[in-house]
Enquirer: 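Can you read through this structure? Questions will come right after.
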Amino acid sequence: MNSTIARLGRRLRLGVVGGGPGSFIGTVHRAAARLDDHYEIVAAVMSRNPERSRAAARAIGIAEERAYADHGELLAKEAERVDGIDVLAIMTPNHTHYLVARDALARGLDVICDKPLTTTLEDALDLVRRVRHSGLVFCLTHNYTGYPMVRHARAMVQSGALGRIRQLHVEYIQGHLAAPTEADRDPGANWRFAAEQCGASLVLGDIGTHAHHLASFISGLELREVAAELGSAVPGRQVHDYAHLLLRFEGGARGSMWVTNSAAGAEHGLRIRVFGDNGGLEWHQEEPNSLLHRPLDGSAQVLTRGRPGLSPQAERATRIVLGHPEGFHEAFANLYADAAEAIAARRTGARPDPLALDFPTVEDGARGVRFVEAAVDSHRNGGRWTDATLALR
């Protein structure tokens, strides 16, 4: 256990909402929570159907009396228990994130929420206000920031190794929607194809927010303006399955983004390249244990996770020895572990390890919602440059 969890003297009691039968991300959340033994999953809502919810919760080991029909019942009943939940994890469809998170915060619970934060900026800003007022911990699971070499890239930028950042180029190229699906004919078959549930843009809400956050996380720069073209590569599809964007960041840095889930044959394809006036970095999520560093004057270097001499940020996020690859689940678990450190510190009055505080927050989530809003506005206005700033300070 980390030091603050040890001071708390027990595991954090975690409730989960969403991620039931057929959900990929639900199993990832639960595995991430369990990996470091900081959480005990004790209560759950697993489906919008009350009977399916209770049955699915029992199937993952939840006690009968803590397998609930909906999040309202979970929050009310857990508040009555002396051993009620400390933290709520949310992995429901996008349009429900706000309501569930709002109600959890009102009960005094720390929150771990899947992205995007909300489907509207108004709701996102309301959650920011509620978190700030309450002092509770809110972690948004942009899990790619949990990879050791992503954290090392951020540390290199912070140290000045690249000099002043000039360019950022990020891609996220998937192919699982390259062919027509049942949801193209009937949006009710997949909530992501219904704008009122997914948000204004399927591809931007689903993976564009990841790309946006990764660029800002590594560079330390906030997005200022965006010029976007959104659309569908699959004939007849009514939702966005690709986006091409030009980006302007604070400090004058320029960039680009290409995200799609309709590139036939593509597997995952998350890649970022960052260039300063003194060199560049390149990271591929399909080969996550290495980071390519090309200095302006000198030979290119492939930096490898687990080798001596990496930053404390990378070392903290590294779990196993050199030669054994780490991946998606471990990166996800790093966010859960960081959040646990912050939550236990808040509950015990201890000071958390500063390296544990790099997880994405409710403010990061609000910036992601603003990014989607600005990109959609730009597209609707012929791709003109559109303000994407969000004043939160």
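Just so it is clear, the values below take in all heavy atoms, side chains as well, and ignore hydrogens, waters and symmetry mates.
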Enquirer: So which of D241, I207, T209, L270 actually passes side-chain contact (heavy atoms from CB on, under 4.5 Å) with V259?
Expert: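 Answer to the side-chain contact (heavy atoms from CB on, under 4.5 Å) test with V259 among D241, I207, T209, L270: I207.
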Enquirer: Does a side-chain heavy-atom distance below 4.5 Å link M91 with S23?
Expert: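 They are not in side-chain contact.
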Enquirer: Is any NZ, NE, NH1 or NH2 atom of the basic residue among E282 and R294 found under 4.0 Å from an Asp or Glu carboxylate oxygen of the other?
Expert: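 Yes, E282 and R294 are salt-bridged.
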Enquirer: When you check the gap from the basic side-chain N to the acidic O, do R48 and D70 get nearer than 4.0 Å?
Expert: no
Enquirer: Can we say R347 and D86 salt-bridge, meaning some charged N sits less than 4.0 Å from an Asp/Glu carboxylate O?
Expert: yes
Enquirer: Could you check whether R305 pairs with E330 (Lys NZ or Arg NE/NH1/NH2 to Asp/Glu carboxylate O, under 4.0 Å)?
Expert: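 E330 and R305: not salt-bridged.
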Enquirer: How far apart are the C-alpha atoms of Q313 and Q158, what are their side-chain angles, what is the distance that settles it, and do they pass the side chain to side chain contact (heavy atoms under 4.5 Å, CB included) test?
Expert: CA-CA 11 Å; Q313 292 91 325; Q158 290 174 336; 3.7 Å; yes
Enquirer: How long is the straight-line distance from CG of D364 back to SG of C139, given to the nearest 0.5 Å?
Expert: 9.5 Å
Enquirer: Charged N to carboxylate O under 4.0 angstrom, D83 versus R10?
Expert: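 Here D83 does not pair with R10 in a salt bridge, since their nearest N and O are not under 4.0 Å apart.
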Enquirer: Could you tell me whether a side-chain N or O of T141 sits under 3.5 Å from a main-chain N or O of N143, the two making a donor and an acceptor?
Expert: no
Enquirer: Quick one: do R370 and E373 make a salt bridge, cutoff under 4.0 Å?
Expert: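 Salt bridge present between R370 and E373.
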Enquirer: State plainly whether one hydrophobic cluster holds both L121 and V128, where clusters connect Ile, Leu, Val, Met, Phe, Trp and Tyr through side-chain heavy atoms under 4.5 angstrom apart.
Expert: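 Linked, L121 and V128 end up in one cluster.
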Enquirer: Show the nearest heavy-atom pair for residues I85 and R66, with the distance to one decimal.
Expert: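 So the two residues come closest at N-NH2, 4.3 Å.
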Enquirer: Centre-to-centre under 6.0 Å for H244 and Y242, is that the case here?
Expert: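 Yes, ring centres under 6.0 Å apart.
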Enquirer: So, the side chain of N381 versus the backbone of R384: is there a donor-acceptor pair under 3.5 Å, distance only?
Expert: no
Enquirer: Within a strict 4.5 Å, meaning less than it, do heavy atoms of the I25 and V28 side chains meet?
Expert: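 Heavy-atom side-chain distance check passes, below 4.5 Å.
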Enquirer: Do you know which two heavy atoms are closest between L140 and D114, and how far apart they sit?
Expert: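 Scanning both residues completely, I find the closest heavy atoms to be CD1-O, 3.6 Å.
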Enquirer: Rounded to the nearest 0.5 Å, how far does NE2 of H142 lie from CZ of F359?
Expert: 13.5 Å
Enquirer: Quick check: does any side chain N or O of Y147 sit under 3.5 Å from a backbone N or O of F328, one acting as donor and the other as acceptor?
Expert: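 Pair found, side chain donor or acceptor close to backbone of F328.
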Enquirer: Less than 4.5 Å apart, side chain to side chain, heavy atoms only: is that true for I62 and I41?
Expert: yes
Enquirer: Could you go step by step and tell me if T389 and D387 meet the side chain to side chain donor-acceptor pair (under 3.5 Å) rule?
Expert: CA-CA 6 Å; T389 57; D387 180 20; 2.8 Å; yes
Enquirer: Could you tell me whether the side chains of D103 and H71 share a donor-acceptor contact shorter than 3.5 Å?
Expert: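 A pair is found: one side chain offers a donor N or O, the other an acceptor, under 3.5 Å apart.
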Enquirer: Can you find a heavy atom in the side chain of R367 that is under 4.5 Å from one in the side chain of L223?
Expert: no
Enquirer: Treating S290 as the side-chain partner and V302 as the backbone partner, does any N or O pair qualify as donor plus acceptor under 3.5 Å?
Expert: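 No; judged by distance alone, with no hydrogens or angles, the pair does not exist.
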Enquirer: With a 4.5 Å limit on heavy-atom distance, are the side chains of L291 and M156 in contact?
Expert: yes
Enquirer: For H97 versus L117, what's the shortest heavy-atom pair and its separation?
Expert: CB-O, 3.0 Å
Enquirer: Verify the cluster assignment for I320 and V150: are they in a single hydrophobic cluster under the rule of side-chain heavy atoms below 4.5 Å apart?
Expert: no
Enquirer: Taking the side chain from R254 and the backbone from G252, do they hold a donor-acceptor pair closer than 3.5 Å?
Expert: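 Here the side-chain-to-backbone pair exists.
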Enquirer: For the pair R164 and D277, find out whether any cationic side-chain nitrogen is under 4.0 Å from an anionic carboxylate oxygen.
Expert: no
Enquirer: Are V362 and Y98 connected in the hydrophobic side-chain network, where two residues link if heavy atoms are under 4.5 Å apart?
Expert: yes
Enquirer: Hey, are D126 and R130 close enough for a salt bridge, meaning a charged N less than 4.0 Å from a carboxylate O?
Expert: yes
Enquirer: Find the distance between CG (L136) and CG (L109) and round it off to the nearest 0.5 Å.
Expert: 8.0 Å
Enquirer: Any carboxylate oxygen within less than 4.0 angstrom of a Lys/Arg side-chain nitrogen, looking at R154 and D358?
Expert: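 D358 and R154: salt-bridged.
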Enquirer: Testing the basics here: between L221 and F249, what is the closest heavy-atom pair and its distance to 0.1 Å?
Expert: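 Smallest interatomic distance, heavy atoms only, reads O-CD2, 3.9 Å.
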Enquirer: Taking NZ, NE, NH1 and NH2 as the nitrogens, is one of them in D338 or R316 under 4.0 Å from a carboxylate oxygen of the other?
Expert: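 Looking at R316 together with D338, the answer is yes, because their closest N to O distance falls below 4.0 Å.
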Enquirer: Treating Y39 as the side-chain partner and Y336 as the backbone partner, does any N or O pair qualify as donor plus acceptor under 3.5 Å?
Expert: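 Yes, because the side chain of Y39 sits within donor-acceptor range (under 3.5 Å) of the backbone of Y336.
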Enquirer: Taking ILVMFWY side chains as joined if any heavy atoms are under 4.5 angstrom apart, and letting links pass through other members, which residues group with F193?
Expert: L177, L202, V239
Enquirer: Membership question, hydrophobic clusters at under 4.5 Å side-chain separation (ILVMFWY): are F275 and L246 in the same one?
Expert: no
Enquirer: Looking only at the aromatic ring of each residue, does the gap between the centers of H210 and Y144 stay below 6.0 angstrom?
Expert: yes
Enquirer: Can you see which heavy atom on L245 is nearest to which on L204, and at what distance?
Expert: CD1-CD2, 4.4 Å
Enquirer: Indicate, with yes or no, if L35 and L14 share a hydrophobic cluster defined by side-chain heavy-atom contacts under 4.5 Å among Ile, Leu, Val, Met, Phe, Trp and Tyr.
Expert: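 No, L14 and L35 fall in different hydrophobic clusters.
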Enquirer: Measure the CD-CG distance between Q167 and L247 for me, rounded to the nearest 0.5 Å.
Expert: 11.5 Å
Enquirer: To the nearest 0.5 Å, what is the distance between OH on Y172 and NE2 on H212?
Expert: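 It is 15.5 Å, given to the nearest 0.5 Å.
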Enquirer: Tell me, with the steps shown, if K115 and D206 meet side chain to side chain contact (heavy atoms under 4.5 Å, CB included).
Expert: CA-CA 8 Å; K115 57 79 210 163; D206 198 27; 3.3 Å; yes
Enquirer: Is there a side-chain contact between T181 and R237 (heavy atoms, below 4.5 Å)?
Expert: yes
Enquirer: Is any NZ, NE, NH1 or NH2 atom of the basic residue among R319 and D36 found under 4.0 Å from an Asp or Glu carboxylate oxygen of the other?
Expert: yes
Enquirer: Go through it in stages, so that I can follow the logic: the residues are R11 and I5, the test is side chain to side chain contact (heavy atoms under 4.5 Å, CB included), and I'd like the CA-CA distance, side-chain angles, deciding distance and then a yes or no.
Expert: CA-CA 7 Å; R11 298 179 185 88; I5 291 289; over 6 Å; no
Enquirer: Check this for me: does any side-chain nitrogen of one of E171 and R273 sit under 4.0 Å from a carboxylate oxygen of the other?
Expert: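 Looking at R273 together with E171, the answer is yes, because their closest N to O distance falls below 4.0 Å.
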Enquirer: Take E363 and T361, measure what side chain to side chain donor-acceptor pair (under 3.5 Å) needs, and give me the verdict at the end.
Expert: CA-CA 5 Å; E363 287 90 352; T361 65; 3.0 Å; yes
Enquirer: Would you call E182 and R185 a salt bridge, using N to O less than 4.0 angstrom?
Expert: no
Enquirer: Counting N and O atoms only, with roles assigned by atom type, does the side chain of W283 sit under 3.5 Å from a partner on the main chain of P288, one being a donor and the other an acceptor?
Expert: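 Between the backbone of P288 and the side chain of W283 there is a qualifying donor-acceptor contact (under 3.5 Å).
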Enquirer: Mind checking the CZ-OG spacing from R129 to S134? Nearest 0.5 Å is all I need.
Expert: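 The CZ atom of R129 sits 13.0 Å away from the OG atom of S134.
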Enquirer: Short question: side chain of N334, backbone of G146 - any donor-acceptor pair under 3.5 Å?
Expert: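 Pair found, side chain donor or acceptor close to backbone of G146.
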Enquirer: Just so I know, are the side chains of F138 and C113 near enough to count as touching, which here means a heavy-atom distance under 4.5 Å?
Expert: yes
Enquirer: Are T119 and H95 close enough, and set up right, to give a side chain to side chain donor-acceptor pair (under 3.5 Å), and what steps lead you there?
Expert: CA-CA 6 Å; T119 55; H95 71 294; over 6 Å; no
Enquirer: Under 3.5 Å, is there a donor-acceptor pair between the side chain of S53 and the main chain of V45?
Expert: no
Enquirer: Is any side-chain heavy atom of N278 closer than 4.5 Å to one of L162?
Expert: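 L162 does not reach N278 side chain to side chain.
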Enquirer: Between E40 and R13, is there a donor-acceptor pair closer than 3.5 Å when you use the side chain of the first and the backbone of the second?
Expert: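 No, because the side chain of E40 does not come within donor-acceptor range (under 3.5 Å) of the backbone of R13.
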Enquirer: Please report the shortest heavy-atom distance between A314 and H152, naming the atom on each side.
Expert: CB-CB, 3.8 Å
